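Okay, so here's the structure we're looking at.
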Amino acid sequence: MYKRQVVDTAEAMEVSPQLRQQFDELGSDIPDELVYDVYVDEANQIRRTTTEFSAAGVKAVIDIVIKPSTEPIVIEVPAPADVTDVADMF
């Protein structure tokens with residue numbers, strides 16, 4: 001099943017003030033809305049989300065696919081030397 005979710009950024013910033021800080025760090029205007037396409041399976045579990053927006057003159061497309069797993073998932077935090085702050089890319 002598919003659902004489009006439109007998020008009012010003014011309301012989102014009330015809940016998550018760091019959103020404004022992230023856009024300010026990018027030197028970008030905050031869009032009035034963020035639109036997410038959400039796909040769920042028959043058990044109503046989110047399996048994919050997509051969104052597009054522009055920041056600092058660059059179009060970003062984010063596509064996240066969530067696959068079910070019965071095995072434990074181990075996530076290792078990378079070393080600081082292996083991490084790039086996206087704000088440094090602009």
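Quick caveat, the model's predicted, so the values are computed rather than measured.
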Exercise. Measure the CG-OH distance between D37 and Y2 for me, rounded to the nearest 0.5 Å.
Key: 3.5 Å

Practice problem: Begin from the C-alpha positions of I75 and V77 and carry the test side chain to side chain contact (heavy atoms under 4.5 Å, CB included) through to its verdict. | Solution: CA-CA 7 Å; I75 300 173; V77 177; 5.8 Å; no

Quiz prompt | Atom pair CG/CD of L34 and E52 - distance to nearest 0.5 Å | solution = 12.0 Å

Self-check item: E11 and T9: CA distance, side-chain angles, deciding distance, side chain to side chain contact (heavy atoms under 4.5 Å, CB included) verdict
Solution: CA-CA 5 Å; E11 291 178 15; T9 53; over 6 Å; no

Practice problem: Find out whether D63 and V65 are in side-chain contact, i.e. whether some heavy atom of one side chain is under 4.5 Å from a heavy atom of the other. | Solution: yes

Quiz item: Which heavy-atom pair separates T51 from V35 by the least distance, and what is that distance?
Solution: OG1-O, 2.7 Å

Quiz item: Could you state the interatomic distance from CD1 (I62) to OH (Y36), rounded to the nearest 0.5 Å?
Solution: 7.0 Å

Quiz item: Any side-chain heavy atom of V38 within less than 4.5 Å of one from M1?
Solution: no

Quiz item: Do Q18 and S16 meet the criterion of a side-chain donor-acceptor pair at a distance under 3.5 Å?
Solution: yes

Exercise. Report, as yes or no, whether the 6.0 Å neighbourhood of atom CG on D32 holds more than 12 heavy atoms from other residues, nucleotides or ligands.
Key: no

Quiz item: If you round to the nearest 0.5 Å, how far is CZ of R47 from NZ of K67?
Solution: 11.5 Å

Quiz prompt | Rounded distance (nearest 0.5 Å) linking atom CZ of R4 with atom OH of Y39 | solution = 8.0 Å

Practice problem: Report, as yes or no, whether the 6.0 Å neighbourhood of atom CD1 on I46 holds more than 12 heavy atoms from other residues, nucleotides or ligands. | Solution: no

